Amino acid sequence: MNQDLIFYVASNLVKIIIFTHIALILAALMSLAERRVSAVMQSRLGPNRVGFGGILQPIADALKFIFKEDVVPGHVEKVLFVLAPAIALIPALLTLAVIPFGPPLEVLGREVPLVIADLDIGVLFVFAIASLGVYGIVFAGWASNSRYPMLGGVRASAQMISYELSLGLSVVGVFMVTGSLRMLDVVALQDDMWFCFTQPVGFLVFVICAFAETNRLPFDMPEAETELVAGYHTEYSSMKFAMFFMGEYTAMFVFSGLIATLFLGGWDIPFMSAETFAALGNWGALLGFASFMAKCCAFLFFYIWVRWTIPRFRFDQLMSLGWKVLLPLAIANVLATGLFNLPS
Amino acid sequence: MGDALFYVFGALMVLFTFLTIRARNPVYSAIFMILSFASTAALFVMLDAFLLAAVEVLVYAGAIMVLFLFVIMLINLRAAEHDGLRVSPLVVLVALTFLLLLGRGIADLGPVPAGANELVGTPQLVAKTLFTRYVVPFEAVSILLLSAILGTVVLARRSGEA
């Protein structure tokens with residue numbers, strides 16, 4: 001074993017551990033932020049007892065989840081019922097692999113890119129793996145073997161197909177400009193101008209589809225507690241229930257990271273060029289990382305903000321929005337990008 | 001290492017495909033089919049064809065199988081569990097003929113040309129091949145698919161009105 005290989009394996013292991021922990025800790029904090037922000041918006045206090053201002057509430061929740069009885073009803077399909085929460089969580093964690101968290105860090109004289117796997121196909125990998133996440137919900141709905149979860153599962157599959165198409169097409173414009181699917185290339189090309197300004201339609205469609213893909217209000221049809229009790233996770237309890245939530249919040253973080261990378265310049269800070277980052281060395285890398293995380297957190301806040309502001313769609317409205325508005329918009333955006341960027 | 005992985009994923013693919021037709025519950029059939037697609041994607045990854053692997057997972061395992069499951073769940077096929085695999089001599093004959101033709105076709109291809117592995121898989125290369133050399137067949141296929149979609153919509157609407 002030579003040193004390069006050892007360093008490569010070790011640095012990647014460290015990155016995997018750190019990035020997944022960032023995602024999971026953020027997921028825990030999001031469960032608190034969700035309740036605190038909604039409380040503020042409704043002139044309530046929200047959970048503020050555990051720790052300073054309620055900051056330890058997620059730990060209390062986790063303990064409670066662990067000690068609750070794990071009920072597996074007698075009428076379920078056992079294997080799928082147990083597997084479904086894991087199927088919901090794992091794709092969300094896998095997609096973290098291609099999100100670039102910041103400029104390359106220099107460790108022991110070697111350059112370490114702050115991305116676990118810098119794939120040629122970048123965002124396609126995210127879409128491919130994220131499209132598997134819906135199986136967690138579909139299987140949960142089917143395996144529960146009762147009415148409401150079943151409806152939730154059927155809705156999830158229909159919704160996922162309708163919005164994944166627009167999601168994929170909305171970023172085609174970005175890749176027509178960059179000419180590459182690699183995340184690092186996309187970030188590098190946004191040094192001067194973020195794509196949310198040059199691709200406003202793509203940005204809008206992507207953001208709306210991101211809400212639908214993560215099953216967040218106003219698109220939380222699979223859950224829809226006012227009509228489906230709790231939708232796909234009606235029969236779930238204890239840690240299995242918690243895993244669905246971890247999956248949902250992790251997916252939200254991944255999509256926030258995607259939006260930051262594809263449309264908000266990644267780790268770029270306005271009026272700061274890539275050279276400035278490079279000149280600052282490791283401090284530049286940390287600054288870039290902070291900038292990226294700030295963008296993610298801002299978008300996570302936006303998720304919560306929208307959830308507690310806009311009521312849920314009806315299912316037919318959701319379908320006609322997806323197929324009759326977002327899809328044509330995304331296709332028109334591809335066409336317009338092509339016309340504006342004709343090779344001269 | 002690479003050879004061993006090829007046999008592992010190849011065997012998994014065959015196993016999951018067999019389980020797909022063997023499973024008595026349509027939902028489990030769909031699940032095994034997803035796993036079979038995943039094994040195929042793994043084989044593409046081993047050929048460095050990352051684009052094909054991603055598309056395999058995105059389109060087949062991700063989108064098409066979700067549609068399958070949607071239909072299975074919507075018409076609630078649970079009641080219609082069939083009694084397992086029935087093998088009729090005709091099926092065996094068709095399968096053997098197909099295997100024979102496939103084997104003959106592969107044999108006719110001859111040995112793999114050197115350096116073929118570097119030529120697959122990058123998005124740029126796939127795009128260039130599709131939109132220059134094969135642009136006419138590519139567009140013809142897309143028109144064919146479009147007409148199929150239109151035909152389905154027309155048929156569905158007609159039966160809905162009747």
Side-chain angles (χ1 to χ4, degrees), chain A residues 77 79-80 83-84 87 91 94 98 117-145 147 149-165 167-168 172 175-176 178-182 185 213 232 323, chain B residues 19 23-35 37-38 40-42 44-45 47-79 81 118 120-128 131 142 146 149 153:
Chain A
E77 294 272 339
V79 181
L80 273 187
L83 276 179
I87 298 175
L94 276 181
V98 293
D118 181 23
L119 293 180
D120 256 352
I121 49 167
V123 79
L124 265 186
F125 173 83
V126 179
F127 289 164
I129 303 295
S131 71
L132 301 179
V134 73
Y135 286 125
I137 296 176
V138 174
F139 291 156
W142 186 78
S144 292
N145 204 358
R147 294 283 183 279
M150 181 73 156
L151 279 173
V154 173
R155 280 179 172 191
S157 51
Q159 176 175 331
M160 208 282 303
I161 288 173
S162 312
Y163 281 82
E164 200 174 62
L165 215 52
L167 186 82
V172 169
F175 297 121
M176 286 166 80
T178 55
S180 165
L181 291 167
R182 276 181 69 217
D185 291 349
E213 283 283 304
Y232 64 92
W323 289 105
Chain B
L19 287 174
R24 297 180 60 177
N25 189 319
V27 170
Y28 280 101
S29 273
I31 292 167
F32 287 128
M33 203 160 168
I34 295 165
L35 290 173
F37 286 140
T40 316
F44 280 134
V45 167
L47 289 171
D48 287 333
F50 295 112
L51 181 74
L52 284 181
V55 169
E56 173 89 23
V57 174
L58 180 66
V59 176
Y60 285 95
I64 291 184
M65 290 318 290
V66 173
L67 261 183
F68 272 40
L69 276 173
F70 175 72
V71 173
I72 291 172
M73 285 169 71
L74 199 67
I75 58 181
N76 205 357
L77 269 179
R78 197 189 297 264
E81 288 182 19
E118 285 98 69
V120 286
T122 66
Q124 281 84 358
L125 206 85
V126 171
K128 202 167 255 174
F131 285 103
S142 70
L146 188 65
I149 295 170
V153 171

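Below, chains carry the letters A, B, ... as their sequence lines are ordered, and counting in each starts from 1. From a predicted model like this one, the values you see are computed outputs, not experimental measurements. Excluded from the calculations below are hydrogen atoms, water molecules and symmetry mates; all remaining heavy atoms, backbone and side chain alike, are included.
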Quick check on the interface: out of A:Leu151, A:Val79, A:Leu80, who has the most heavy-atom pairs with chain B under 4.5 Å? A:Leu80
Once you measure the plane-to-plane angle for B:Tyr60 and B:Phe37, does it fall in the parallel (<30°), tilted (30-60°) or perpendicular (>60°) bin? tilted
Correct closest heavy-atom pair for A:Ser131 and B:Gly62 would be OG-CA, 3.4 Å
Residue part contacting chain B, namely of A:Val134, when any heavy atom lies under 4.5 Å: side chain
Determine the option with the most heavy-atom pairs under 4.5 angstrom with chain A, choosing from B:Val59, B:Val55, B:Leu69. B:Leu69
Largest heavy-atom contact set with chain B, pairs under 4.5 Å, which of A:Ala156, A:Ala130, A:Ala158: A:Ala158
What closest approach, in Å, do B:Ile72 and B:Pro26 show between heavy atoms, and which atom pair accounts for it? CD1-O, 3.7 Å
Counting only N and O atoms by type, is there a donor-acceptor contact under 3.5 Å from the side chain of A:Tyr135 to the main-chain atoms of B:Ile31? no
Tell me, out of B:Ala63, B:Ala41, B:Ala61, who's got the most heavy-atom pairs with chain A below 4.5 Å. B:Ala61
Determine the sole option in A:Val98, A:Leu181, A:Ile129 for which the side chain to side chain contact (heavy atoms under 4.5 Å, CB included) test with A:Leu124 is passed. A:Leu181
Which portion of A:Leu165 sits near chain B, non-hydrogen atoms under 4.5 angstrom: neither
